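Below is one structure; the comments refer to it alone.
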Amino acid sequence: MRLEDLVRASVAEAVTARGWTVPAEIPVDRAARPEHGDLTTRVAFHLSREFGAPPAEIAARLASELAAHPPFAKVEPVGGFVNFTLRPEAVHDVLRKILADGEAYGRGDEGRGKAVQVEFVSSNPTGPLTIGHLRQAALGDVVAELYSRLGWRSIREYYLNDEGRQMDLLARSLWARYRQACGDDQPVPADGYHGEYLAALGEELARAWGDRYPGWDESTRAVFREEAVARVMAMIHEDLDAIGVRFDVWTREGDLHRRGLVQEALGELQRRGAVYEKDGALWLASTKHGLSRDPVLIRSDGTPTYTMVDIAYHLEKRERGFDLVIDVQGADHVDEQQQVLLALKILGFPGGFLRYCLHQFVTVKGEEGIQRMSTRAGRFLRLKDLVVEVGRDVARYFMVRRKPQSHLVFDLALARNTSMENPVYYVQYAHTRIASLFREAEREGIAPPDLRTVDLSPLTDPCELALIKELDRFPDVVRIAAHEFAPHLLCEHVESVSGLFHPYYARVRVLGQGPVTAARLTLLAAVRHVLAEGLTILGVSAPEEM
RNA sequence: GCGCCCGUAGCUCAGUGGACAGAGCGUUGGCCUCCGGAGCCAAAGGCCGCAGGUUCAAAUCCUGCCGGGCGUACCA
């Protein structure tokens, strides 16, 4: 049994024995300080509210009730807390459980029979992906993986917004670059896309097509738009390949129009009286529901806005039968998110159907100081180039190491650093060292320990017990990281495991220690397993050799 | 102006209302013939932005300020 559950069950038993009612939640925490033992419960505070007795008194009674429970070496009331010190055997049982569970350790079944869609990146095809998109790509991919660990069927989806004004601007910018390559002095529009990538494409097109498109007209626009989108999508695919993110479904905006979903959604909103007409446009009455502005849904020229299509898209998502939809978006979309959430509420969607995973932007700390990315201004670090430079593992790990809603400063110098100062290598190196140790054991003819017969009693070193107790947290970390869209908790966990392992490894010899060797190898097999699982969830490799 | 996010060690950041606030980097001082040194140990370093409030208990919840980011489009 997991350690917290062990304490929880014992406390429930003691509470019942005392004749009190067991609270719905029995809070059990890891002890903050060594003198508080291993685990602690504040349940006495809760019982105190209910029964009037002082917390310290309740804690004392519970402690005396629990003192004789076999898993505990010591049960001590301090103030209103009850602190538990575990017997080593109870800790060793966790180790057995981890190894016996194997693949299943850290997985859950809360999502059995349910499907979640994670929509992320969804970048307009106006340029290659940048380090800014990387955060979203890494985040979305990990969130999808976390949910699948909890038993959900998870779908990774990219919404391809390849219609509208921005695409025209892109086409016009590319055409200007093409004309420049033909020798014309044609400027890129001020509000167009100024990146070098279009200049390179323009030159290619000039070579291929010669002077075929001297002037800007409707048919030229169509040609350049199609060409631009195709070329840019090829770049985006290269970038996604570079970081190893694969999408299951690509949804194009055009499909939503063709299937009449926009009309359907609009009609539904109108029927519910949520839409009004003003200045020839149709607006969503949002301020009535406390939002700060009303967005246009249908422009006066009859075309739907991004917001309108976005609402229709969520109608489509529901029709596809998802139980949960997670949209990963940058901080510039908050207003949009509030509008969509409101629209879905008006349309009678169940609350909690759509959850936004919102993230702040990335700045890069490099030679030129701190800079923000801008695709439009052509000021960006292309994702693929970054991966070539620091590697996929580092690129991805750095992006999910921080809480999504915090600003992230990408430290290029630290990313380039290949020593253990770089947290990615620190964790990977822990895994590698253990792998190496097992190879060495094999060379020396030491068989891997048999879980059924191995004697774990030699594992008495505080470091060894601390390691097992940390490994015991892994399933909770996975669950919480998923629910709170917080992959950084997983980084923290694998770093913490590694941080316990490295000093231990430096101090303690494993091989050639008689019966101790088998016990220590068992421990390290579990450490290796959890590190490998954690890294895999994060989309980072767990190398056997470095 | 209004909305959302952030403010914690020199830097980058953790911290589901609980006990004396943590990690990595950086700084300083030690150690290292041994299974992978791409190390190990230790120290210094803090009015948790400010002020109120709720609570037995606040970095955490509420209110008001201050500072930074993003948004506030018939762009996406």
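The figures that follow rest on heavy atoms only: side chains count, while hydrogens, waters and symmetry mates do not. Note that the coordinates shown come from a computational prediction; the quantities given were computed from them, not determined experimentally. Lettering of chains follows the sequences in order, A, B, ..., and the numbering in each one begins at 1.
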Which is it for A/Thr85 and A/Asp38 under the side-chain hydrogen bond (donor to acceptor under 3.5 Å, both in side chains) test, yes or no, and what are the steps along the way? CA-CA 5 Å; A/Thr85 303; A/Asp38 296 314; 5.1 Å; no

Checking A/Phe45 against A/Ile58 for the side chain to side chain contact (heavy atoms under 4.5 Å, CB included) test, could you report, in this order, the C-alpha distance in whole Å, the side-chain angles of both residues, the deciding distance, and whether it holds? CA-CA 8 Å; A/Phe45 290 102; A/Ile58 294 181; over 6 Å; no

Does B/A44 have a Watson-Crick or wobble partner in any strand here, with both distances under 3.5 angstrom, and which is it? none

Is any N or O donor-acceptor pair between the side chain of A/Ser436 and the base of B/G36 shorter than 3.5 Å? yes

From the set B/C74, B/C35, B/U12, return the single nucleotide nearest to any side-chain atom of A/Leu437. B/C35

Classify the nucleic acid contact of A/Asn422 as base, sugar-phosphate or nothing, counting any heavy atom under 4.0 Å across all strands shown. nothing

Taking any heavy-atom pair under 4.0 Å as a contact, classify A/Ala281: base, sugar-phosphate, or nothing. base

Taking atom types as they are modelled, would you say the side chain of A/Gln360 forms a donor-acceptor pair with the base of B/C4 within the 3.5 Å cutoff? no

When rounded to whole Å, the NZ to C1' distance for the pair A/Lys278 and B/A73 reads 13 Å

Atom CD of A/Gln329 and atom C1' of B/C75: how far apart are they, to the nearest Å? 15 Å

Which whole-number value in Å describes the distance from A/Arg355 CZ to B/C4 P? 18 Å

Write down the distance separating the P atoms in B/A23 and B/C66, rounded off to the nearest Å. 35 Å

Would you confirm whether A/His493, through its side chain, and A/Glu470, through its main-chain N or O, come within 3.5 Å as a donor-acceptor pair? yes

Which of B/A19, B/C40, B/C34 is nearest the side chain of A/Arg509? It is B/C34

Taking CG from A/Asp29 and P from B/G15, how many angstroms apart are they, rounded to a whole number? 15 Å

Expressed as a whole number of Å, how far does the C1' atom of B/A44 sit from that of B/G29? 10 Å

Within the 4.0 Å heavy-atom criterion, would you say A/Val427 contacts the bases, only the backbone, or no part of the nucleic acid? nothing

Rounded interatomic separation in angstrom, taking NE2 from A/His407 and P from B/U12: 13 Å

Euclidean distance for C1', B/U8 against B/A58 (whole angstrom): 14 Å

So does A/Glu440 pair up with A/Arg443, basic N to acidic O under 4.0 Å? yes

Centroid separation A/Phe361 to A/His407 less than 6.0 Å: no

B/G45 to B/C25 separation - C1' atoms, rounded to the nearest Å: 14 Å

Under 4.0 Å from OP1 or OP2 of B/C75: is there any side-chain N or O of A/Arg299 that close? yes

Students often get this wrong, so: under 4.0 angstrom with heavy atoms, is A/Leu408 touching a base, only sugar-phosphate, or nothing? sugar-phosphate

I'd like to know if A/Arg479 and A/Glu110 make a salt bridge, using a cut-off of under 4.0 Å between side-chain N and carboxylate O. no

Does B/G15 have its OP1 or OP2 closer than 4.0 Å to a side-chain nitrogen or oxygen of A/Lys403? yes

Under 4.0 angstrom, heavy atoms only, what part of the nucleic acid is A/His488 near: base, sugar-phosphate, or nothing? sugar-phosphate

Would you mind pulling out the nucleotide paired to B/G22, Watson-Crick or G-U wobble, both distances under 3.5 Å? B/C13

When you measure from the side chain of A/Met546, which nucleotide among B/A38, B/C40, B/G15 comes out closest? B/A38

Classify the nucleic acid contact of A/Pro423 as base, sugar-phosphate or nothing, counting any heavy atom under 4.0 Å across all strands shown. nothing

Identify whether any heavy atom of A/Thr432 sits under 4.0 Å from a base atom; if not, whether one sits that close to sugar-phosphate; answer base, sugar-phosphate or nothing. base

Taking any heavy-atom pair under 4.0 Å as a contact, classify A/Gln337: base, sugar-phosphate, or nothing. nothing

Between B/U72 and B/C13 - C1' atom distance, rounded Å: 30 Å

Could you tell me whether a side-chain N or O of A/Asp294 sits under 3.5 Å from a main-chain N or O of A/Ala285, the two making a donor and an acceptor? no

When the aromatic ring centroids of A/Tyr429 and A/Tyr425 are compared, is their separation below 6.0 Å? no

Scan A/Thr418 against the nucleic acid and name what it touches under 4.0 Å (heavy atoms): base, sugar-phosphate only, or nothing. base

Any base atoms under 4.0 Å from A/Glu442, or only sugar-phosphate, or nothing? Heavy atoms, all strands. nothing

Donor-acceptor pair between A/Glu464 and A/Tyr504 side chains, under 3.5 angstrom: yes

Does the distance from a Lys or Arg side-chain N to an Asp or Glu carboxylate O, for A/Asp327 and A/Arg355, drop under 4.0 Å? no

Reckon A/Arg402 touches a base, only the sugar-phosphate, or nothing at all at heavy-atom distances under 4.0 Å? base

Is the aromatic ring centre of A/His502 closer than 5.5 Å to the centre of the six-membered base ring of B/G39, with the two planes inclined by less than 30°? no

Pairing check on B/G39: which nucleotide meets the Watson-Crick or G-U wobble criteria with it, both distances under 3.5 Å? B/C31

Is A/Thr305 side chain donor-acceptor paired with the B/C74 base, going by distance under 3.5 Å alone? no

Span that lies between the C1' atom of B/U27 and that of B/G36, in whole angstrom: 29 Å

Write down the partner of B/U72 under the Watson-Crick or G-U wobble criteria, each distance required to be under 3.5 Å. B/G1

Taking the P atom in each of B/C62 and B/U54, what is the distance between them to the nearest angstrom? 15 Å

For RNA chain B, whose closest nucleotide is more 5', that of A/Tyr505 or that of A/Glu495? A/Glu495

Counter-base of B/C61, judged by Watson-Crick or G-U geometry with both distances under 3.5 Å: B/G53

On a plain distance test, is the side chain of A/Asn83 in donor-acceptor contact with the base of B/A19 below 3.5 Å? yes

Quick check on RNA chain B: between A/Asp332 and A/Val510, whose nearest nucleotide comes earlier from the 5' end? A/Val510

Determine the interatomic distance between P on B/G71 and the same-named atom on B/G26; round to the nearest Å. 35 Å

Just call it for A/Arg33: base, sugar-phosphate, or nothing, with non-hydrogen atoms closer than 4.0 Å on any strand. base

As its Watson-Crick or G-U partner within any shown strand, both distances under 3.5 Å, B/G67 has B/C6

What is the nucleic acid contact for A/Asp411, judged by heavy atoms within less than 4.0 Å: base, sugar-phosphate only, or nothing? nothing

What are the residues of residues 39-48 of chain A, sorted by number, that bring a heavy atom to within less than 4.0 Å of RNA chain B? A/Thr40, A/Arg42, A/Phe45

When the ring centroid of A/His359 is compared with that of A/Phe485, is the distance short of 6.0 Å? no

